[in-house]
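The block underneath contains the structure these notes are about, expressed in structure tokens.
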Amino acid sequence: MQENYKPLAIEQEVQAAWEVSGVFNVSESSTQPKYYCLAMFPYPSGKLHMGHVRNYTIGDVISRYQRMLGKNVMQPMGWDAFGLPAENAAMQHGVHPADWTYSNIDYMRDQLKRLGFGYDWNRELATCDPQYYKWEQWFFLKLLNKGLVYKKTAPVNWCPHDKTVLANEQVIDGCCWRCDTPVERKEIAQWFLKITAYADELLSSLEALDGWPEQVKTMQVNWIGRSEGVEMNFPVPDSEPVSIYTTRPDTLMGVTYLAVAAEHPLALKAAASNADISAFIADCKMMETSEAAMETMEKRGIDSGIKALHPITGEPVPVWIANFVLMGYGTGAVMSVPAHDQRDFEFALKYGIAIKQVVFAKDGEVADDCSEQAYTVKGVLKNSGAFDGLTSEQAFAAISEALEKEHKGQRKTNFRLRDWGVSRQRYWGAPIPVIYCDDCGTVAVPEQDLPVELPKDVVLDGSQSPLVGHPTFSHVACPSCGKDAHRETDTFDTFMESSWYFARFAGNNPDAMLDESAKYWLPVDHYIGGIEHAILHLLYARFYTKLLRDEGLLVCDEPFKKLLTQGMVLKDGSKMSKSKGNTVDPQGLIDQYGADTVRLFIMFAAPPEQSLEWSDSGVEGAFRFLKRLWKQAYQHSETGGSTVPLDKQALTEQQQTVRRALHLTIQKVTDDFGRRYTFNTVIASNMELINTLAKFVDDSDNARAIRQEALEAIVLMLSPIVPHICHQLWLDLGHQQAVVSASWPEVDTTALAQDILELVLQVNGKLRSKIKVSVTATKDEIEVMALNDEQVKRFIEGKPVRKVIVVPNKLVNIVV
RNA sequence: GCCGGGGUGGCGGAACUGGUAGACGCGCCGGAUUCAAAAUCCGGUUGGGGUGACUCAGUGCCGGUUCGAUUCCGGCCCUCGGUACCA
């Protein structure tokens, strides 16, 4: 065997061996149980960054571990290839988005191969391939047919200078990122998927996902936001009534105004005869659409002069126009109860609107005064006429019943979740396959005409989508009547592609969206990806899975059985991203130290779910460890290896200790791999074991056998993390079969047994001494030994012993 | 603003079910080796006090439960992610 560890040569050779043998190319005909391990596919932004390295190393480690357990493991890779950065690159560098994307893919594919990930490259796909998005278009039309797709207006960020729609990311402090012009809100017609039709199932089936982190499930529950409330009408003389929804009907008698959106019919009516109001409404448009901006901006309003009538008392209630109410969400109007809602309270104070308290604490348990702030907890009603004396809960029922009886409102379950807007006014995405005809209306593109391909001859200049101005793309004959018609020029949200790619990996069938192979491989057994996808991507993928199931294309209810959300790789305290310009290129480290060192370091630096602050130092330490491992194996092999089998009956005390350390490590590491997914502690334990082995100077036959056993186990345990060096060491330790197909090591429980163990002695909970006791010692014997310990005696001297607590195998605490 | 995480030595982290705080690694200090350096190997490394055995304090802050709290409970502070058109 080679004396020195030469990673670059080894890695090249081992990767070539994997490719020739095709070990990672799997099929559905295996007799072993299937295991589908998937890491979130990358956006081909240029080069791999540390987040990718971390994500794909975790996936590869889990995949290789599962292979060693005898599973038929499928690990595919592909490209989430549509998106905004390609258009930005096109504008900045004059390169076509497709060329930019495909050259990035070629570069990044090489990087992934260089890192030694065990992918089945035969399954590779790119979402910008017409053969991929064809099926997305096909499926969209199925949904259109089923009534799960509809069109309505919704707000977008509009830059009046560039005459273009801006993504939220492109709005900086309310202004366009390119020209700094204040952004306006603009209502345009867009396509929506009825995700709300599945809200109940998306919520209830979360419970069965016991392989998902609680935090992700909680975030999804809160995002879907199911609430019980009442929808009711406030009549308005000479107008349509104002419809509102509230989860606090018990506060209805405390309503002192209504707030409506700037686009609400009543606001428009009021503006028609009042210049101040129409100026305010125009002003409300100067606003970005993101929720964070909406919630943190200054809340402003204007009195419309219109009065609505309270549904119970019939008293007039002023209608205000407010910038924080949006037409698109809910009914575009809310009832306001300043006494019991903090935002309404602040608004009322600002504009001098009445504050009427109707809910009070039960028997003065807590301060319920609302002169300083709103009293938002539930309690008992006063100042509420017939409802006085009821608790909030009783009042909820009584007031809803009163409204229902008079047909003024009804109880309703609402969701915070809104339907999924999938239209994007951009070029680099999948075209939405519909045609607009003056006579026939909206017509689906016939199936035989799919895919609607994105034309390549376009120029991006930062204003409207080039599909709008394209000479031929939008001009088309109506498939229904043959007259001149025009195509939809919007493209799909890129979440549409990433919501079903995991199923497409199963077969990549040119003649069907999904086939039988998808039923074999799905659900994904383990999905690994960034915590930043905890809500949107994962929710859309879950939704899509249910849509595909209802179309008969899948047989599972949920796409991802187990989920590992890796923490972010941070640099200088925030998410590494191209837009922030704080990325670290792993390539230099790979060139210098090799893939194994990079993989080892990134797995060692932090547990996978925790965020990882990147630092270059420490990589050197990972490399040093691999050199030490190599050296141990080399010395063992050069001095003859092990030729005589281990005689377990004839071990010295030290030999027993080393062997016990070995099997304790296997036990711990197996748990870390299979249950905890803490690869950092896997590595730490193996480092400890190597340190133990380095200090184990014994050249007897039994010692050599133990060293052989230990080195083999270390190589097996580390092979999922550093597969190249382990491949070579496994051969050097005398094996013919490749380590990638070897079995996981087993714990020899007889090696774990010990007859003497150490107990910690505490006095009043503080560590004072340690004693060695036989494993067979009784509680009473231990207690006596503890009380007779010299150190312990010093601390309990002259004080009466009140209590002695013996925790078996751990400690004794003496309370004085 | 709202929802979900995180906060432990100089640094990354360990302590898994309430039971020895700081495993493992980085960095730093000292030593061996070397003409010298790199590499390698050995030892030390939470802070204060003490020559020392030892001792006191200590896991973001304040309070609580407990024989015992990094771990559980209440209230804060800071920070990261998401917030529906970044992916």
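Computation of the quantities below employed the complete heavy-atom set of this structure, encompassing side-chain atoms and omitting hydrogens, waters and symmetry-equivalent molecules. In what follows, every chain begins at residue 1, and chains take the letters A, B, ... in the order their sequences are listed.
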Base, sugar-phosphate alone, or nothing: which one does [X] contact when heavy atoms must sit under 4.0 Å apart?
{"X": "V804(A)", "result": "nothing"}
{"X": "L539(A)", "result": "nothing"}
{"X": "Q190(A)", "result": "base"}
{"X": "R768(A)", "result": "sugar-phosphate"}
{"X": "K766(A)", "result": "sugar-phosphate"}

Inter-nucleotide P distance (G64(B), U59(B)), Å rounded: 15 Å
Listed once per pair and sorted, the salt bridge (charged side-chain N to carboxylate O under 4.0 Å, His left out) pairs that draw on residues 804-816 of chain A, sequence neighbours left out: none
Pairs involving residues 758-769 of chain A, ordered by first then second residue, that meet salt bridge (charged side-chain N to carboxylate O under 4.0 Å, His left out) (sequence neighbours left out): none
Base-contact (B) and sugar-phosphate-only (S) positions in [range], heavy-atom cut-off under 4.0 Å, - elsewhere:
{"range": "nucleotides 40-54 of chain B", "answer": "SS-------------"}
{"range": "nucleotides 64-69 of chain B", "answer": "---B--"}
{"range": "nucleotides 3-16 of chain B", "answer": "SSS------BSSSB"}

Side-chain donor-acceptor contact under 3.5 Å, S227(A) with N414(A): no
Short side-chain donor-acceptor distance under 3.5 Å, W212(A) and Q220(A):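 Note: Q220(A) and W212(A) side chains miss the donor-acceptor criterion.
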Rounded distance [0.5 Å steps], CG in L626(A) versus CZ in F601(A):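 Rounded to the nearest 0.5 Å, the CG-CZ separation comes out at 13.0 Å.
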Charged N-O contact under 4.0 Å between K151(A) and E488(A):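 A salt bridge links K151(A) with E488(A).
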Watson-Crick or G-U counterpart of G27(B), or none if no pair lies under 3.5 Å: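 When the pairing criteria are applied, U45(B) turns out to be the nucleotide that pairs with G27(B).
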Ignoring backbone atoms, test whether [X] places a side-chain nitrogen or oxygen under 4.0 Å from the OP1 or OP2 oxygen of [N].
{"X": "T494(A)", "N": "A87(B)", "result": "yes"}
{"X": "K810(A)", "N": "U17(B)", "result": "no"}
{"X": "N691(A)", "N": "G25(B)", "result": "yes"}

Neighbours of RNA chain B within residues 79-90 of chain A, by heavy-atom distance under 4.0 Å: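 The answer is D80(A), G83(A), L84(A).
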Parallel, tilted or perpendicular: rings of Y132(A) and W500(A) (30°, 60°):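 W500(A) and Y132(A): parallel rings.
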